[in-house]
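Since the structure comes first, as structure tokens, the remarks are kept for the end.
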Amino acid sequence: MIYRQSESVGGIMSKVIGIDLGTTNSCVAVLEADVPTVITNSEGYRTTPSVVAFSKDGSRLVGDIAKRQAAANADRTIFSIKRHMGTDYRKKIDGKKYSPQEISAMILRKLKNDAEQFTGEQVTDAVITVPAYFNDAERQATKDAGRIAGLNVLRIINEPTAAALAYGLDNGQPQKILVYDLGGGTFDVSVIEIGDQVIEVLATSGDNHLGGDDFDERIVNFLVEQFKETDGINLTKDTAAMQRLREEAEKAKKELSSAMNANINLPFIAMTKSGPHHMDINITRSLFESMTADLIDRTVTPVENALHDAGLKKTDINMVLLVGGSTRIPAVQEKVRRICGIEPSRNLNPDECVAMGAAVQGGKLGGQLTAGSAASEIILMDVTPLSLSIETVGGIASRLIERNTTIPTRHSQIFTTAGNFQTSVDIKVFQGERKFTRDNKLLGNFRLSGIKKALAGTPQIEVTFDIDANGIVNVSAKDLGTGHEQSITITSSSNMSEEEIERAKWEAEVYGSKDAEKQDIVNLRIEAGQLLQNTEYMLHEHRKDWDKQTKKQVKEACQRLSKAIGRSTPEKIDEVTASNICEAKDYLENTLSRMGI
Ligand code: AMP
């Protein structure tokens, strides 16, 4: 790829992209003349499925291509990796274990490449969004994924805050809004005050394991049970069949947002000695609603908590913004109407507004907004979603920073020794709202060492916990006796070490170039197939009005392309075939243009 010379060469930053790294779909936007613009990906779509696949020939596929081949390659296709961010989960492929950060980095890398193609510039800086309710490990993992993808992550911002920023740009009058964000895998609610040039998050709450995927799963379970009853076959052991079920379930769910019925028709879903079995099941909207009512109910308490923490009643809310694809479900909208008592706004595109808000924040951080423009004046004040505590005697979580504190924030505490001549102390840091540390998330341990030998209780060590603008926790320590600063790193088992990140970054760079080539080949095969199909259709349509010579030449060019494509598929294609296809495709295109078709 050829880049327009990057502005960063001259000391000015190149464009900063805003990325909504979603559970199901991702979206990327950039500022163009102060206006956030959604970037169309290389397949021509405005959102990219957050799906990664490892094809059998060792290449990696990301986005639509990965999603399309999922049923045929279910074991090696990864969906919803965001649900595992910040955990020890590893996906094993061909003997190598991939962390959620590495898989997410593959998605980010594609988004980065698409943005480079779109802007014609090299892209290095990004703002990435996360659910407001993400804890420290999940945020850190997202930042690391960005680094592995070769991105300099300027800021991690919360998805609902980004949506409010996109909304606030056009609707700057003072108001209090509630952002209800139900995506593919997470639910977030934020109460936000849009003031005169200040967007202040008052409170946030949510559920990191609730989203559209759960709705799909309910339909899948229903289909599995029905099929067991009618055909006596348990489909759960068949990964390919389950993948087809999942795809159809999601399709049916989406259909049910506008229709009252959806039909699930899956021919040849199973094969037994008695022959093939087909699935043909009808789901009504009311059946779907009864299957998923409890999922929607789970959003009520977080909404109430956020309102309570913001010190507001539902009647104080002027506007409810719906964000995330799952808010298209009519029963979800009905529930929001009921809990908030007002009609939710449909002003923003729920799939795109988060990336757009991130692009605005990126433009601000990158100094790319015109001075005096509406967006340049806006100040964003976010909060930490979860309290920070340390473990004290009896496993009690002693709070240092309360949830919904405006970030960045810091808090210091003096520690000392419990035993005589003790030279080190171990401290455990937790995040969460529960009273006992065992019920909260352990962010990590650190050891304060190098304490001067003294009687118990004499050393005074000031430990400072701060939460930066990304919502990420940092810790530092100072021996007040000597004034000596100690450096402390929180070590969390679920996140990657510095060396692991560097190695993954290197691997991603090596693979990145190979994957880009592979992606081009796959696209070529798809385009060639479409061209052939369209031309054959035209040949048939114009069989009466095209002259013999034209028909002969077009037919011949079609045959040539058809032969080149041979038995290849978009997912399985070698370089020789690709070069033959390229040549035959050019030949057909030239023939058509020579004929004026
Ligand atoms: P997001 O993470 O915001 O991209 O949301 C993706 C989720 O929204 C996925 O679970 C989709 O299946 C779901 N979704 C998208 N469109 C619709 C629709 N029309 N009706 C119901 N769910 C939808």
Side-chain angles (χ1 to χ4, degrees), residues 18-29 38 41 45-51 63-64 67 70 79-85 104 107 111 128-134 138 142 158-163 166 179-190 206-220 243 245-262 264 283-285 287-289 291-293 295-296 298-299 321-336 344 346 348-358:
I19 300 178
D20 170 9
L21 181 62
T23 309
T24 329
N25 294 300
S26 295
C27 184
V28 51
V38 171
N41 66 18
Y45 302 114
R46 290 162 73 86
T47 58
T48 299
S50 306
V51 184
D64 284 288
K67 191 173 178 184
F79 285 84
S80 303
I81 193 64
K82 186 170 169 180
R83 287 193 162 216
H84 300 290
M85 286 302 249
S104 299
I107 301 166
L111 300 175
I128 305 180
T129 62
V130 294
Y133 215 57
F134 252 22
E138 292 164 317
T142 306
N158 293 333
E159 288 161 12
T161 314
V179 183
Y180 181 104
D181 179 357
L182 188 60
T186 53
F187 171 63
D188 263 346
V189 52
S190 292
D207 184 335
N208 275 354
H209 292 274
L210 175 64
D213 287 358
D214 300 296
F215 290 71
D216 300 348
E217 197 182 296
R218 291 290 165 87
I219 299 181
V220 170
Q243 183 52 40
L245 276 194
R246 249 174 256 128
E247 282 168 18
E248 282 303 302
E250 193 198 1
K251 243 192 260 166
K253 172 188 75 176
K254 288 184 180 173
E255 259 172 62
L256 288 168
S257 290
S258 50
M260 299 309 284
N261 268 293
I264 286 150
I283 296 185
T284 61
R285 188 189 284 176
L287 175 62
F288 172 65
E289 287 177 353
M291 279 186 230
T292 54
L295 295 176
I296 300 177
R298 273 170 57 192
T299 68
L321 274 190
L322 294 181
V323 181
S326 303
T327 57
R328 292 207 172 90
I329 298 173
V332 169
Q333 296 179 0
E334 182 51 36
K335 182 62 82 180
V336 177
R346 284 169 220 275
L348 289 183
N349 180 333
D351 303 322
E352 297 177 353
C353 59
V354 171
M356 286 167 68

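Order of appearance sets the numbers: ligands from 1, and atoms from 1 within every ligand. One-based numbering along the sequence shown.
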Requested in this report: Apply ring-ring contact (aromatic ring centres under 6.0 Å, His included) to Y180 and list each qualifying residue two or more places apart in sequence or on a separate chain.
Outcome: F187
Minimum-distance protein heavy atom relative to [atom]:
atom	value
atom 15 (C) of ligand 1	K254 CE, 3.6 Å
atom 19 (N) of ligand 1	R328 CD, 3.5 Å
atom 6 (C) of ligand 1	T24 OG1, 3.6 Å

Requested in this report: Return the option from P350, G211, G185, G184 holding the heavy atom at the smallest distance from atom 7 (C) of ligand 1.
Outcome: G184
Report task. Could you pull out, from S50, G325, S26, the option with a heavy atom nearest to atom 1 (P) of ligand 1? Result -> G325
Query raised in the report: When you check the gap from the basic side-chain N to the acidic O, do E250 and K254 get nearer than 4.0 Å?
Result: yes
Query raised in the report: Can we say E217 and R83 salt-bridge, meaning some charged N sits less than 4.0 Å from an Asp/Glu carboxylate O?
Result: no
Any nitrogen or oxygen of [X], side chain or backbone, less than 3.5 Å from one on ligand 1?
X	value
S257	yes
E250	yes
K253	yes

Requested in this report: Could you establish whether G22 and ligand 1 come within less than 4.0 Å of each other, counting only heavy atoms on the residue side?
Outcome: no
Query raised in the report: Taking Q333 for the side chain and T327 for the main chain, is one N or O donor matched with an acceptor at less than 3.5 Å?
Result: yes
Query - Polar side-chain atom of T284 near backbone of L287 as donor-acceptor pair, under 3.5 Å - result: yes
Check each atom of ligand 1 against the heavy atoms of [X] and keep those under 4.0 Å away; list them by number with element.
X	result
G212	10 (O)
G324	3 (O)
N25	4 (O)

When you compare the side chain of [Y] with that of [X], does any pair of heavy atoms fall below 4.5 Å?
X	Y	value
R328	D351	yes
I329	F288	yes
V336	L322	yes
T299	L210	yes

Query - Residue portion contacting ligand 1 (non-hydrogen atoms closer than 4.0 Å) for S326 - result: both
